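Report on one structure; see the data block that follows.
Nothing here was measured: the structure is a model prediction, and the numbers come from that model. Naming convention: chains lettered A, B, ... in sequence-line order (proteins, then strands); numbering from 1 in each chain.
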Amino acid sequence: MSKQVRTAIEPTREENYAEWYQQVIKAADLAENSDVRGCMVIKPWGYAIWENIQRILDGMFRETGHKNAYFPIFIPKSYFEKEAAHVEGFAKECAIVTHSRLEDDGKGGLKVAGELTEPYIVRPTSETIIGESFSRWVNSYRDLPLLINQWANIVRWELRTRLFLRTAEFLWQEGHTVHESYEDAMVETRKMLDVYGTFAEKYLAFPVIKGEKTEGERFPGAVSTFTIEAMMQDRKALQSGTSHFLGQNFAKSSNIKFQNRNGEVQYAWTTSWGVSTRLIGALIMSHSDDNGLVLPPKIAPSHAVIIPIYKTEEEREAIMSFVSEIQHALKTVQYDGIPIRLEIDDRDMTSSERGWYWIKKGIPIRMEIGPRDLQNRSVFMGRRDKDAKDKQTLNFEQIIGSLPEILDDIQDNIYNKALEMRKTYTINIDDKEEFYKFFTPKNAEQPEVHGGFAHSHWCESTECEDKIKEDLKVTIRCIPNDAVEEAGKCICCGKPSRRRVIFAKSY
RNA sequence: CGGGAUGUAGCGCAGUCCGGUUUAGCGCGUUCGGUUCGGGACCGAAAGGUCGCUGGUUCGAAUCCAGUCAUCCCGACCA
C-alpha cells in the first residue's frame, strides 16, 4: 500500500489550478475578499511583499532620474473626455462620484444629497489629470525631459475579478514623462520596459519576454504599447507590466506645448508606464507549489525563521539564549543590501506545525533548534526550494557566514526552475493543425493544463488575430523585441510573414 | 453585463426538495485542563449562530415567494 503524499494545499495545481491559486493566497494569509465587490484586503504578509516591490522599484526609478509626486484620485469628467480613444477604452469600467453629502433620511438611515455640477471619475489611470498639470509645468525645452512617477491606488470596475490578478481597486505605480522629441520619448519607453524586465527577472525571479503589443491589445490612446509577458505554471501568459509610447496624442488633448530650441512652439512627446499589485499574482503563480507559496529571497518579507524546540523550562532558556546569539550575530549580516530579516517563532505549537505554517507562507529558510542542535551549536536548516524533509545541519559559523550565499542559491534556483518551465512549453509551430491541437485541451468540460507559448508566423492582419482569438481564445501576447527577420507563412491564412510572434492563452 | 452554482459558528459542510420534537447540527479550528512535542499529536471540558440582506405568504419560515448584495465557474469585457 503506497502512502499518498499529503500536500499542504488542496486541491493541487494539477487537480484545479484556479482553486489552488486561491488556496495558496489563503494559506499564506496574503489577502482576502472584502465586503466591497471586487476589492481585496491586503494582509500584512501580502502587503510586506508589495512594500518590498515598492522599495526596490522606487530605487530603480530614482536611478533613472525620476521623481515621485502625487495627483488627485478624482478626475473631472471633462478632462477625461479629451482623448477619444482613451475615453472609449475606459468608459465601461469607471466609478463615478456624483454626490458630496449624506443626509438623514428620517428612517434611521442616510440618503445621498448634494449633487455635483460636474461628476468626478475615480482615476482608472492618470494620464488626463497629470497631463493637465504638465501643460502648466512645461513651457520650454529647458523644462524637459519631465520625469515623474506616482504611487497610487486606482479603480477599474472590472466585471470579473480575482485576487491580485484583477481587482476593482488596485495599487500601482504610474510613470508619466514628457520629452522634446519622438526619439527621446521612445528611448524612455524602452528604458522603463527594461527596468521592469530586470526587476521581474532579478528580484521576482521569473523570466519575461519583452515585446510590443499588437494594435488590438494597445493601451487606449497610445501609439505603441510595450509589455513584459511571463508564463504562469498553467502555461498561460500574464501581462506583468506595460510601457506606453503616447506620441503626441495626450500632449494634444492636454495641451502640453513648449518652445523648442528653434523658438517654435510645438507639442511634446509623452510616455506612461506601470506595474501593479498584479505582480504579486505573477509571483504566486510562477513559483508556488502544492505546499503553498514560494518566495524569492529578494522579495520575501522575511528571509528566515528560527523555530526553537524544547520541552523543559531549562531547555527553553538554553535554546532561547542561543537563538538570541544567532539573532544578534545576524544583525550585521547583509543580504541584497539590507540586514537579514529574521522571524523567531516560539509559539506554543508543535515544531512540525510551526514548520508547515512557514512553508505555506513561502519563507526561504527555516532553522530548527532543539536540544540536540544546541549541544553542537548548530541548526537544522530547511529550504523552501527543496523538499520539506530535505534538511541539513549548519554550525554557528555557517549560519552567520553562509546565509547570504544560501539565499542567493535559492533565488537562482527559483529563477531557473521558472525558466526551465517556460522553455519546456515554448515551441515553434508552423503547421496550422498542430497549432490548433497545441491549444485545445483533451477534456473540454474541465480543461487540463495545456498549451504554452507558440512562436508562430503572423501576417500582421487583424482578421487573423481575431480569428485565432475566436477559435481558440489564444491571443498574440507580443511581438518580441528580439524577433529575428525570417520569411514564413501566417499560421492562420498562409500569407507571407516576416517574423514570428508569441501566441498564448492569457489572464 | 448574459448563463450556471453557492451563501447556515473563524474555516469546511449537513439540514432547504416535502414549512412544525431541531432547543439549528457535524468536522476542523479556538479557549481552558492534562498528557505530548525532532516531522502536520491525543484525551477531557467549554465558548461560539438575528441561517447573506430586505420584504412577502403563513398560526408558524434556515426551509415557500419576490427583490437585493456578495462569491465561484463559463462567456463577453480586460490599460
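Proximity note for A:Asp373 (side chain, C-beta onward) versus B:G40, B:C37, B:G38: the nearest is B:G38. Of the candidates B:C37, B:G40, B:A70, B:G40 carries the atom nearest the A:Ser352 side chain, counting heavy atoms from C-beta on. Closest contact between the side chain of A:Arg162 and the listed nucleotides B:C77, B:U71, B:C73 involves B:C73. When distances run from any side-chain atom of A:Arg37 to the nucleotides B:C72, B:C77, B:A70, the shortest one goes to B:A70. Out of B:A76, B:C37, B:C78, the shortest distance to the side chain of A:Leu159 is found at B:A76.
For the C1' atom pair drawn from B:A9 and B:A5, the interatomic distance equals 23 Å after rounding to whole Å. Comparing the same atom, C1', in B:A66 and in B:C73 gives a spacing of 26 Å after rounding to whole Å. B:C11 and B:G29 are spaced 7 Å apart, taking the C1' atom of each and rounding to whole Å. Atom P of B:G15 sits at a distance of 29 Å from the matching atom of B:C59, rounded to the whole Å. Of the P atoms belonging to B:G25 and B:G49, the separation is 13 Å, rounded to the nearest Å.
Nucleic acid contact for A:Gly370: base, since at least one base atom lies under 4.0 Å from a heavy atom of the residue. Residue A:Ala18 is classed as a sugar-phosphate contact, given heavy-atom separations below 4.0 Å to backbone atoms only. Contact annotation for A:Thr125: no contact, since no heavy-atom pair falls under 4.0 Å across all strands. A:Tyr21 comes within 4.0 angstrom of nothing in the nucleic acid, heavy atoms only. Residue contacts for A:Gly38: at a heavy-atom cut-off of 4.0 Å it reaches the sugar-phosphate backbone alone, with no base atom in range. Within 4.0 Å (heavy atoms only), A:Pro371 reaches at least one base atom of the nucleic acid. Base contact: A:Arg372 has a heavy atom under 4.0 Å from a base atom. Nucleic acid contact for A:His86: none, since no nucleic acid atom lies under 4.0 Å from a heavy atom of the residue. When heavy atoms are screened at a 4.0 angstrom cut-off, A:Lys92 is found touching no nucleic acid atom at all. No contact: A:Lys213 has no heavy atom under 4.0 Å from any strand.
As a whole-Å value, the separation of A:Ile154 CD1 from B:C78 P is 16 Å. With rounding to whole Å, A:Glu10 atom CD is found 12 Å from B:G40 atom C1'. Between the CD atom of A:Glu19 and the P atom of B:C73 there is a distance of 8 Å, rounded to whole Å. The CD-C1' distance, from A:Gln23 to B:C72, rounds to 12 Å in whole Å. In this structure, A:Gln392 atom CD and B:G38 atom P are separated by 21 Å, rounded to whole Å. The CE-P distance, from A:Met349 to B:G38, rounds to 12 Å in whole Å. In this structure, A:Arg366 places its CZ atom 14 Å from P of B:G38, rounding to the nearest Å. Atom CG in A:Asp348 sits about 11 Å away from atom P in B:U30, given to the nearest Å.
A:Glu313 has a carboxylate O that lies under 4.0 Å from a charged side-chain N of A:Arg316, or vice versa, which qualifies the two as a salt bridge. Of the charged side-chain nitrogens involved, none lies within less than 4.0 Å of a carboxylate oxygen, so that A:Arg190 and A:Asp194 do not count as a salt-bridged pair. With respect to the salt-bridge test (charged N to carboxylate O, under 4.0 angstrom), the residues A:Glu465 and A:Lys469 do not qualify. In this structure, A:Lys389 does not pair ionically with A:Asp387, as no charged nitrogen and carboxylate oxygen lie closer than 4.0 Å.
Between A:Phe250 and A:Phe134, the distance from one ring center to the other does not fall under 6.0 angstrom. Aromatic ring centres of A:Phe170 and A:Phe164: separated by at least 6.0 Å.
Residues from residues 374-384 of chain A that place a heavy atom under 4.0 Å from any atom of RNA chain B, listed by number: A:Phe380. Heavy-atom distances under 4.0 Å link RNA chain B to no residue of residues 271-285 of chain A.
When Watson-Crick and G-U wobble pairs are counted only if both distances are under 3.5 Å, B:G75 pairs with B:C1. B:C32 is paired with B:G44 under the Watson-Crick or G-U wobble criterion, all donor-acceptor distances under 3.5 Å. Across the strands present, B:U68 finds its partner in B:G52; the criterion is a Watson-Crick or G-U wobble pair with both atom distances under 3.5 angstrom. Pair assignment for B:U58 gives none, since no Watson-Crick or G-U wobble pairing has each distance under 3.5 Å. Under the Watson-Crick and G-U wobble criteria, each requiring two contacts below 3.5 Å, nucleotide B:U22 is left unpaired.
Classified by interplanar angle (parallel below 30°, tilted 30° to 60°, perpendicular above 60°), the ring pair A:Phe396/A:Phe322 is tilted.
By the 6.0 Å and 45° rule, A:Arg383 does not stack over the aromatic ring of A:Trp358.
Nearer the 5' end of RNA chain B, as judged by each residue's closest nucleotide, is the contact made by A:Ile319, out of A:Ile319 and A:Ser506.
Using a 4.5 Å cut-off on side-chain heavy atoms (C-beta onward), A:Asn291 and A:Trp356 make contact.
Screening residues 122-131 of chain A for side chain to side chain donor-acceptor pair (under 3.5 Å) gives A:Tyr70-A:Arg123, A:Arg123-A:Asn153, A:Thr125-A:Glu127, A:Ser126-A:Gln150, A:Ser126-A:Glu174, A:Glu127-A:Ser272 as the qualifying pairs, with residues at least two apart or on separate chains. Residues in residues 221-230 of chain A take part in these side chain to side chain donor-acceptor pair (under 3.5 Å) pairs, two or more places apart or across chains: A:Lys213-A:Glu229, A:Thr225-A:His244, A:Thr227-A:Glu229, A:Glu229-A:Arg477.
Results of the side-chain contact (heavy atoms from CB on, under 4.5 Å) test with A:Tyr17 over A:Glu15, A:Arg13, A:Glu19 single out A:Arg13 as the only residue that passes.
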Polar atom pairs (N or O), protein with nucleotides 5-12 of chain B, under 3.5 Å:
unit_1 : atom_1 : unit_2  : atom_2 : d
B:C11  : O3'    : A:Lys26 : NZ     : 3.3

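More than 12 non-hydrogen atoms from other residues, nucleotides or ligands lie less than 6.0 angstrom from CD of A:Glu325. Environment of CD in A:Glu10: sparse, with no more than 12 heavy atoms of neighbouring residues, nucleotides or ligands closer than 6.0 Å.
A:Phe90 is linked by a ring-ring contact (aromatic ring centres under 6.0 Å, His included) to A:His86, A:Phe219, counting only residues two or more places apart in sequence or in another chain.
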